[in-house]
Structures are given as C-alpha cells and as structure tokens.
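Beneath this line is the structure, given in structure tokens, with notes to follow.
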Protein chains: 2
Amino acid sequence: MRPTVHDIAAAAGVSLATVDRVLNQRPGVRHVTREKVETAIRQLGYVRDVAAANLAKGRTYPLVFILPASDNSFMHGLNAEIRQAILRSPAERTDIRTIEVPAFDPAALVAVLEGLSREKPCGIAMVATDAPEVRAVVDRLVRASFPIVTLVSDLTGSLRHHYAGVENIAAGRTAARLLGRFLGPRKGEIAVLAGSMLVRDHRERLEGFTSVMAEEFPDLAILPVLEGRDDPEIAHMLVAEALGNADIIGVYSLGAGNRGLIRALKEKAVDRTLTVIAHELTAHTRAALIDNTIDAILNQDAGHEVRSAIRVLKAKADGLAVIESQERIRLDIFLKDNLP
Amino acid sequence: MRPTVHDIAAAAGVSLATVDRVLNQRPGVRHVTREKVETAIRQLGYVRDVAAANLAKGRTYPLVFILPASDNSFMHGLNAEIRQAILRSPAERTDIRTIEVPAFDPAALVAVLEGLSREKPCGIAMVATDAPEVRAVVDRLVRASFPIVTLVSDLTGSLRHHYAGVENIAAGRTAARLLGRFLGPRKGEIAVLAGSMLVRDHRERLEGFTSVMAEEFPDLAILPVLEGRDDPEIAHMLVAEALGNADIIGVYSLGAGNRGLIRALKEKAVDRTLTVIAHELTAHTRAALIDNTIDAILNQDAGHEVRSAIRVLKAKADGLAVIESQERIRLDIFLKDNLP
DNA sequence: CTGTTAGCGCTTTCAA
DNA sequence: TTGAAAGCGCTAACAG
C-alpha cells in the first residue's frame, strides 16, 4: 500500500494535524518539526490522494467562462461545449458560469474582469480581445493569484497561465501551403477574408499565411484583406464584390461568418474553379466541403478547448501539474474524407 | 448540496447499508424495500460520488496492455506513453502491466488472452491481429464480462467494447486526395509501401486509398503493393528497387519502417520530384518532412490512444458512460508548418 | 506551536 | 432481510 498521512505522522512522531499543516503549507509549525515531517514525506515517498482531500474539503471549483456575444456557428458550438461541461459538473466538482461580453470591445471585457476580482472564482477562462488595458487587468488578477487561461484567442505578452487554442501562425502557414500545393503551377490572385484585425488569432493567421505565400508561392498574389467582422452578411457582400475580379483563383477565409462566404461562392463562382480554404468546421462549412465548394477546413476542437481549459484551471487551483501533450490544442485539417 | 446516501436512507426510511445494497444491486433486499429506495433515489435526483466510493473501496483498476514486439518508432512511442501512464497510476488508481507478443502471430495472442482469463484484470487493451481465432477468444472474454478495447488496429466483427485508433479507411482516402491534389494535372505511377496485409489497419488504408484514386484521380496508376513488414531494412530494399521505375511520381507509405523508405528516397530520388505521403510522426519522418523528402504525414496520437483506452476501460469497469467525442482518435495531418 | 476529534460520501463487516 | 458502526485518506474545528 502507498503511504498515508498516518504513516507520515507515525514516522515523524507528530500528529495528523501537524502533517496536514506541513502538507498544505499552513503556518504555525516550528521549523524543526516541519523538517522532520518533510523528511518523512520524502523517505516514504508519500503522494497525497487528491480525491480524498477534495472529499474532506467538500471542495468545488467555481469557474467562469467569458465569451464574446458573437452570433456565429463557432461561438454557438463553444457555448454548447460549455453546457456539456456544466452537465458534468457534479462528477467533476466544478461550478461553471458563463458571462457574455460584446465582441471586439476591450472596455467591456475589462469591466467584467474587474467585477470578477471581487467575487472569488477559483479560475477564469476567457476569449481575449487583444488590447493593453485587458492585459493590464489580467496581469493584476494573475498577480493576485487568480488562475487565468485564454481560450481560442490569446493575449499578447500577458501573464495568463495557459492558452487553450491553436497556434494561429502555424494555422495560417498551413493554409498557405495547402492552397499553394493544391493550385500547383497556376498563377493568379488570392482573396483573404478575415473577421477583424483587432483579435490576435486573425492577425496571426494572416501573418503566417502571407509569409509562406511570399516565401514559397511567388506566383500567387494576395489581395488586400476583406474584414467581415465574423458576420455572414458583411462577409457575403465583400466576397461577392471581390469575385468580380476574374484573376482570383483561391480564397482563404481565416475567420468566422462562413455562411456568407459560401453563399457568395455558390452565386458567383459556378463557372470557374476556385480553391477555397476556410476555418472552423460547422454545419455550413461541412456541407460546403462535401459539395466541393470548399477544399479544406482548418479546425480547432471546441470540446477539447473547453475540457482542457477546465483541467488546467483545476490543476492551477490545486498547484498541480498538467500533462502538457494532452493540453496542446491541435490544428485539425479536414478534407471531405476524414470528417468526424 | 446534492443528496447523499444519508438523504436517501432518511427519505426511504431504511439504513445506509440497505441503500448501498440497492445502489450496488447486491442481493438480500426485499422487493418492496428496494422499490422504496429506488423511488427515493429518483425523487431526490441522487448521483453517486464515484471518488468517495473508490476511496471507501480502496479500489484500483488492474489493466493489461498487449502489444506486438515490433522494433519500429511507432511502437516505441506507444510503449513510452504507456510508461507515462504507469507513472500517473497512483493518482488514477490504475495498476498497469504490458505484455509483448510476437507481431502478426494470432496463435501467440490467443495464448496470452487465454492466460489472462485466469487472472482477473479489470480491463484489457490490445493491438489486435485480425484473425478469426483471436476474435473467438475476445468474444468469449467479453461475454465473461472483461472490458476489452482494441488499440491502433481493430478486430473485425468482434464484440470488443471500443476501438482506440483512427478510422483507417478514412486515412487511406485522405492520403489519396492529398497526393492527387498535390500532384495536380500530372500523370504517372504511384508506389505503395505497406507493412503486412494481415493487419486490418493496413488493409483498410489501402482500400481507402485505392478507391479514392480510382474514383477521382484516374491519371494516377497504383503499382502492386510492396510489403515491408514494418521493417526498415526490407522497406529500404523494396523501395530502392521500385524507384528504378522512372514513371513513379508519388509514394504512399501506409505502414511503419519509414527509416528505410526515407533512406531509399534520399539515395534514389535526388534528381526528380516525388510527392510522398507517409504515416506516423517519428523523429525520422519529422526530419524528412522538414527537409522536403516527405510532403505530408498522417498520424495517430499514441498518447491520446493510451489515455483514451484507460479512460474507456475504467468507465466500462464501473458501468459508466464516456464522453464520445473525447474518445474519438483523430487523424492528424502534418505539413511542415503545423508540427507540434 | 501541537494534538484530539469529528466528519466528507461511501462501503463493509458483523450482529440482530 | 435489515441495521449499527467502523473506516477509506484527508481536513478542519477546537482545545491545550
């Protein structure tokens, strides 16, 4: 059997309470006593049974998810995954609440975070709007030892404990290489549809995309970016207009609002072959992949992101380690053949 | 607070022991009493605290992993992941043992399984060799209520509870589409290197590959399959010889032993452009992807497979549900831009 | 500063 | 067929 607090107490010649105080680095133990206990712990190779500890403490983990109020399929999916996690709450001892904030609005996000610093959630997961004032509050909260993870979009240079999302520069580079290889020897222009250059994930995808294009596919010229604000209507308008240009042979949609993109493609591109790469697998993009309107979809698994955020926040709250490789969010690449 | 056994006992007017007997469907409870307790459980919406139950029971999960004794990087990686899981055993209450059997040898596998039916592991994870005699034992064990999951390679038509591995037909189809799209309008021949047609994963990859090739890329002709037995030396020999054929413009390596493939490619294909797709990300294939010897790698995450197998076996042992989407093993597609 | 004791939610003897 | 009581490994009052 593995050693318990009783064994430590016996070995060190102290009581259970003292062992517990040392284990939880609570004050009120003489230095020498502490040493004795720590020696015993090391010698017996004691490891604490977290489940038993949580049972005794009646511990639960109050967690808050802060999400942008965006009406697109990806955010709906993310919400759905959080609701699933809430259903699992009893078993996982979590107590999850979500707060919606206006999208692309640093001030609103700051206000919510300020509010949270008064109640005491044991962890915060947030889709970050990448702005200095947001970073400032986050850093302050982290210093006040709130565990914080960013979700989907990261916060440049901040102290957040972890980022649960894909590497977006790599995503953009991957999109460029797929598009370049699929187009082969053809020459022409590439349209890029983004949501907003105010969020870091979109900026980074664009950065990765343009750099690989420049380095390796000089025959493909990137047109000025269309900013669709992740809104299907705006996206539709912009893309429909852009497709008037007959030199366009490829499209990279790096944000959300793909409903509009797809509609524009079906209306305007019936007569020519366009190679299209988009982000996020939703009902709409899936259908478009199957009917060959889209050639490849890059995806981040919202379920994995939510589960990962929860695992990491719980671990940070307890000062425990995580399995790094398990928390890495992969960039999924879907062709019509490997859809889930 | 959520209800506990005490609440149930009080509501039903019985003792804790009786509640426990009902909860664990143990005998020795009168029918009417059982009804009373079950009603109380339903009315209060009781859900059992598995952690507390495991603590009280001192429960551990003895698990066995059966692996082929193959000397290739993928199997080494799988082994390493199992060792990681063994390190986590104290926290996860598992007790994991691995057994090696000769590769591609149904009889040996059957013998090991027979042996296990005498000890009583609470779960078995196995890399299956796909043969009727193996299926027979597995089905017998499943009927005797051993939880069994197949790992990496599945067992056709068997009763195993779960398969922790990628969908291999989809993998083959994906490889075909990538190769076809990367080659674009070119015409030529495609070499296929497999391990053995005796394992189901290789057969299925080939099946998926050939069907998409036939349907969608008629200008690409598939040459007879080379069987390298997942052995780098044999693979090297076969590929080196095949590359004497100057019409080959693409290669699909669907098994292991890629060290040999890569060596042959570097020796023989310096003077021409070959598009190459291989399976499994290892130190060798990673280097080859970076130096452009390989164009894309299809991968299954061994760490995910092992963790998933463990989660599923534990859940089955307790009669609990799993999160389906979490247990789906994805087909990872790596280009040089999105390597982990 | 340190120890005693009760108890978290569940299971398991052992008696009745 | 049922119940009382002890205990899993740990924590938290409350005394001393």
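The structure displayed is predicted, hence computed values, not measured ones. So that the names make sense, note that chain A is the first sequence line, chain B the second, and so on, each numbered from 1.
With distances taken from any side-chain atom of A/V14 to the nucleotides C/dG3, C/dT2, C/dG9, the minimum falls on C/dG3. The nucleotide whose nearest atom lies closest to any side-chain atom of B/A52 is, among D/dT11, C/dG9, C/dG3, C/dG9. Listed candidates were D/dG9, D/dT2, D/dA13. Nearest to the side chain of B/V29 is D/dT2.
Under 4.0 Å is where a charged nitrogen must lie from a carboxylate oxygen, and between A/D130 and A/R135 no such pair does.
At the phosphate of C/dT12, OP1 or OP2 sits under 4.0 Å from a side-chain N or O atom of B/R26. Residue A/R48 places at least one side-chain N or O closer than 4.0 Å to OP1 or OP2 of D/dT11. One finds no side-chain N or O of A/S15 lying less than 4.0 angstrom from the OP1 or OP2 phosphate oxygen of C/dT4. OP1 or OP2 of D/dT1 has not a single side-chain nitrogen or oxygen of B/T33 nearer than 4.0 Å.
For A/R330 and A/N299, the side-chain atoms include no donor-acceptor pair closer than 3.5 Å.
Atom-to-atom, CG of A/L23 to P of D/dA12 comes out at 12 Å; the value is rounded to the nearest Å. Rounded to whole Å, the distance from CG on B/N54 to C1' on C/dC8 is 15 Å. Atom CD of B/Q25 and atom P of C/dC10 are 16 Å apart (whole Å). Here D/dT11 presents its P atom at 11 Å from CG of A/L55, a figure rounded to the nearest Å. When rounded to the nearest whole Å, the span between CZ of A/R21 and C1' of C/dC1 equals 8 Å. Atom NE2 in B/H6 sits roughly 10 Å away from atom P in C/dG7 (whole-Å rounding). For A/K57 and C/dG9, the NZ to C1' distance is 16 Å, given to the nearest whole Å.
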Verdict with reasoning, B/D139 to B/S158, per side chain to side chain donor-acceptor pair (under 3.5 Å) | CA-CA 6 Å; B/D139 285 359; B/S158 79; 4.5 Å; no
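Within the nucleic acid shown, B/D20 comes within 4.0 Å of at least one base atom, counting heavy atoms only.
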